[in-house]
2 protein chains.
Amino acid sequence: MAGERENEVPRQPRSRRKMQSVTMMDVADYAKVSPSTVSLYLRRPEAVSASAGSAIARAIEKLSYVPNLVAGGLAAASSRAVSIIVPSVRNAFFAETVAAMQTSLRKERLQVILGHTEYDEKEEEDLVRTALSWAPAAIVLTGLCHSEATRRMLTKAHVPVIEIWELGGPQIDAAIGFHHDQVGIAAAKHLIQQGKRRLAFLGARLHEDRRGKQRCDGFVEAARQAGVSVEIVQHPASASAEVGGMLLRDALQIVPDLDGVACSNDHIALGALFECERLSMSVPEKLAIVGFGDLSFSAACNPPLTTIRPSGDLIGREAARLIVGHMTGKEQEQKVSIDTRFTLLHRRSS
Amino acid sequence: MAGERENEVPRQPRSRRKMQSVTMMDVADYAKVSPSTVSLYLRRPEAVSASAGSAIARAIEKLSYVPNLVAGGLAAASSRAVSIIVPSVRNAFFAETVAAMQTSLRKERLQVILGHTEYDEKEEEDLVRTALSWAPAAIVLTGLCHSEATRRMLTKAHVPVIEIWELGGPQIDAAIGFHHDQVGIAAAKHLIQQGKRRLAFLGARLHEDRRGKQRCDGFVEAARQAGVSVEIVQHPASASAEVGGMLLRDALQIVPDLDGVACSNDHIALGALFECERLSMSVPEKLAIVGFGDLSFSAACNPPLTTIRPSGDLIGREAARLIVGHMTGKEQEQKVSIDTRFTLLHRRSS
DNA sequence: TGGCGAAATCATAGCGCTACGATTTTTAAA
DNA sequence: TTTAAAAATCGTAGCGCTATGATTTCGCCA
């Protein structure tokens, strides 16, 4: 890195690896203040006099100083990083939340460190362990279900933990999300209200997708309570339009006079819609379809898809708000839980 | 945190904030070796004798020691973090790459730090600045176009830089991706081969989406060279099925006897497909449609969508490979460029 | 048994910054 | 003016770890 070894001294006592060429010390020298003042200025500009402030600002500009957050994190015993652990960013729901969080956190100069569990509890445990070694300002996890070891590490570490996208179970610190069983209930009630009486839930990967399963359970429960026939048709693969088509075919085999389906998400619903088209089954007359997610294509289908929209971005923004509140000491409450709700969008597929 | 202040000394010289309760020192004491040996064991287990190794392993297990990567990063002048800056993770393409990278990097115990530019060059500059203050092992950027300040910072910082998802321009260090103009050319050639002679390119947000624009340009150029009529129809909003429908209507207004369209991505193509359905326009007989991306729904549409598949995951894996190679010193080459190619999937929409 | 090179281990000096407590300067009240 | 209180600034001891070079231990042959 820095080429500082070729000088006249026959042998230097120690050749140190340097991280950066210009440090806070250099800025302090240039601005004729002490390093502490520079540090203070960087963290709480309002605590420094206007004259010192502008001198420091000029020095930073002149030397193009970039603070070393790693050193800062070590000294402060907490880094300006937030660790977010989601099942997968390929999933549009989580991508939306991650994007919203990152946007909100950036304003507070917090960085997002990302990890994917791929729906594996052991992987999550590992990711949490690594996350902790970064001494993050907060850790964000998906869902309320974690291994015992994960919970133990988190409670021992004294890091604020936020669990997102699920509500209604034992939470570690804060939780932000909604009740997935209520989504299922809303879908069932809606279909029944539309006069449908032979229902099915089309689900992908329900053995791994806890929240999908909750929606399914809510749906089945509500249908049963209303005295309406209901079946669960599922497939172990992850959700896609192809799987949706297959599931609808399977469902029609089991319940030939099927007249309403709820799907674990809009990918499945879209596939079901395409399958109806292929089978010349009129939607919603012969079969009503309700999805989940309100994905990018949902409003543009033929017919437009009735779906339930969660607010993934709101979850992200609220999580960021909580983290920032916690850091600034405003938010004292630990065990908050925020219900971000969901909306049923009644479009023409039902 | 650590409760070490209640001892007999009337007043301690300094109350220090502690990051963690059990440090490498504790492990060393427990295992009866020096801290250096523990550090060595953690970084290169094979350099430590079997007896010392197992003693250390036992100590780590017993004390449930979690190494502090922040301290490690400071001491080593480079952290085990890789900063990835993409326009948006909501975009399925980048989500796929990010996911693949994170999976590959995890095996080498490298963390992903994520940032979104939202297609804003100034934002990118800011993100790069912050990224640098983490002293990452590498920085991954999207595309080859960056502000002058960004380039300056990066070259000055001596960090390996990898630019992804674009090839064919001046690159900083390594670049991994493909030539987008060739995608456009492939789409045009394909449509012409199918006997189509009145073409249009349906594009969303082409003013911001550089790579979409490149595909568009390639398409138009190839069509012109073949002596085939071609129009560009665009919309400033970001890609969605709704915009796709609108664009197709616009296109038909401009070119009533339109017989082939290429779309800036599959969202647009899907919208066009739906619009055809509404207009009772047979696909591919009256109108052939080619998309880009091979998104989750593309194979399941009616008719299945002909599209061009980039390999987003391969880009991610290759990037990870390069980074790891660089860290271990295997990969010496700087200015490599890796062409990950693309595939035209001829399905029934053309 | 001695001696030598290789392997294993160690002691130490920071990496760049922040928080603490102390000191200096400024402000306002007496 | 004096003086207390408030505001601004400073000096410094680590935060926990790694890289370096030095030292010790080991394996092996003469």
Side-chain angles (χ1 to χ4, degrees), chain A residues 1-2 4-5 11-29 31-56 63 65-80 132-135, chain B residues 1-2 4-5 11-29 31-56 63 65-80 132-135:
Chain A
M1 260 167 214
E4 69 210 7
R5 51 196 66 190
R11 202 156 174 289
Q12 278 182 307
R14 193 67 67 99
S15 78
R16 282 308 284 181
R17 63 260 131 167
K18 278 250 189 225
M19 203 172 221
Q20 55 201 127
S21 38
V22 32
T23 70
M24 187 178 276
M25 187 75 120
D26 300 320
V27 174
D29 285 351
K32 306 235 187 302
V33 294
S34 77
S36 326
T37 309
V38 178
S39 172
L40 192 60
Y41 169 79
L42 253 23
R43 282 171 299 120
R44 306 198 347 249
E46 77 285 358
V48 170
S49 71
S51 62
S54 63
I56 293 169
L63 305 174
Y65 167 67
V66 177
N68 184 329
L69 290 181
V70 179
L74 180 59
S78 162
S79 66
R80 297 196 72 82
L132 285 175
S133 55
W134 279 96
Chain B
M1 250 155 232
E4 69 208 7
R5 51 197 65 192
R11 201 157 174 289
Q12 278 183 303
R14 193 67 68 97
S15 78
R16 283 307 285 180
R17 64 261 131 167
K18 278 252 190 219
M19 203 171 221
Q20 53 201 127
S21 38
V22 31
T23 70
M24 188 177 274
M25 187 77 118
D26 299 321
V27 174
D29 285 351
K32 305 232 189 303
V33 294
S34 77
S36 325
T37 309
V38 178
S39 171
L40 192 60
Y41 170 78
L42 253 23
R43 284 171 298 120
R44 307 198 344 251
E46 77 285 358
V48 172
S49 70
S51 61
S54 64
I56 293 169
L63 304 174
Y65 166 68
V66 176
N68 184 330
L69 290 181
V70 179
L74 181 59
S78 162
S79 67
R80 298 195 72 82
L132 285 175
S133 55
W134 280 97

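Predicted model, so just to flag it, every value in this text is computed and none were measured. Naming convention: chains lettered A, B, ... in sequence-line order (proteins, then strands); numbering from 1 in each chain.
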Residue list, side-chain hydrogen bond (donor to acceptor under 3.5 Å, both in side chains) with A:Ser49, at least two apart or on another chain: A:Ser51
Integer-rounded Å distance: C:dT18 P and A:Arg44 CZ: 12 Å
Contacts of B:Ser133 that satisfy side-chain hydrogen bond (donor to acceptor under 3.5 Å, both in side chains) - sequence neighbours left out: none
side-chain hydrogen bond (donor to acceptor under 3.5 Å, both in side chains) against B:Ser36, all qualifying residues, sequence neighbours excluded: none
From CG (B:Asn68) to CG (B:Leu74), nearest 0.5 Å: 10.0 Å
Pairs meeting criterion salt bridge (Lys or Arg N to Asp or Glu O under 4.0 Å) with involvement of residues 45-55 of chain A, two or more places apart: A:Arg44-A:Glu46
Euclidean distance, atom CH2 of residue A:Trp134 to atom C1' of D:dC17 [Å, nearest integer]: 13 Å
Which atom of A:Ser79 lies closest to which atom of B:Trp134, heavy atoms considered: CB-CH2, 3.8 Å
Gap between atoms CG and P, on B:Asn68 and C:dC15 respectively (whole Å): 18 Å
side-chain contact (heavy atoms from CB on, under 4.5 Å) assessment of A:Met24 paired with A:Leu42: CA-CA 10 Å; A:Met24 187 178 276; A:Leu42 253 23; 3.8 Å; yes
End-to-end axis angle, where each axis spans five pairs of the helix from C:dT1-D:dA30 to C:dA30-D:dT1, to 10°: 40°
For atom OH of B:Tyr41 and atom C1' of D:dT18, their distance in whole Å: 18 Å
Any B:Arg43 side-chain nitrogen or oxygen under 4.0 Å from OP1 or OP2 of D:dC17: no
Atom-pair distance (CG on A:Asp29; C1' on C:dC17), nearest Å: 15 Å
Euclidean distance, atom CE of residue B:Met25 to atom C1' of D:dT18 [Å, nearest integer]: 14 Å
Nearest-angstrom distance from the residue atom CG of A:Leu74 to P of C:dG14: 17 Å
Sugar-phosphate only, base, or nothing, as touched by B:Tyr65 at under 4.0 Å among non-hydrogen atoms: sugar-phosphate
Proximal nucleotide (of C:dT18, C:dG16, D:dT18) relative to the B:Met24 side chain: D:dT18
Side-chain heavy-atom pair B:Tyr41, B:Ser39 within 4.5 angstrom cut-off: no
Closest non-hydrogen atom pair, A:Pro35 against A:Ala28: N-CB, 3.6 Å
Summary of protein contacts for nucleotides 4-10 of chain C, nucleotide by nucleotide, where a base hit scores B, a sugar-phosphate-only hit scores S (4.0 Å, heavy atoms): ----SBB
Gap between atoms CG and C1', on B:Leu69 and D:dC15 respectively (whole Å): 15 Å
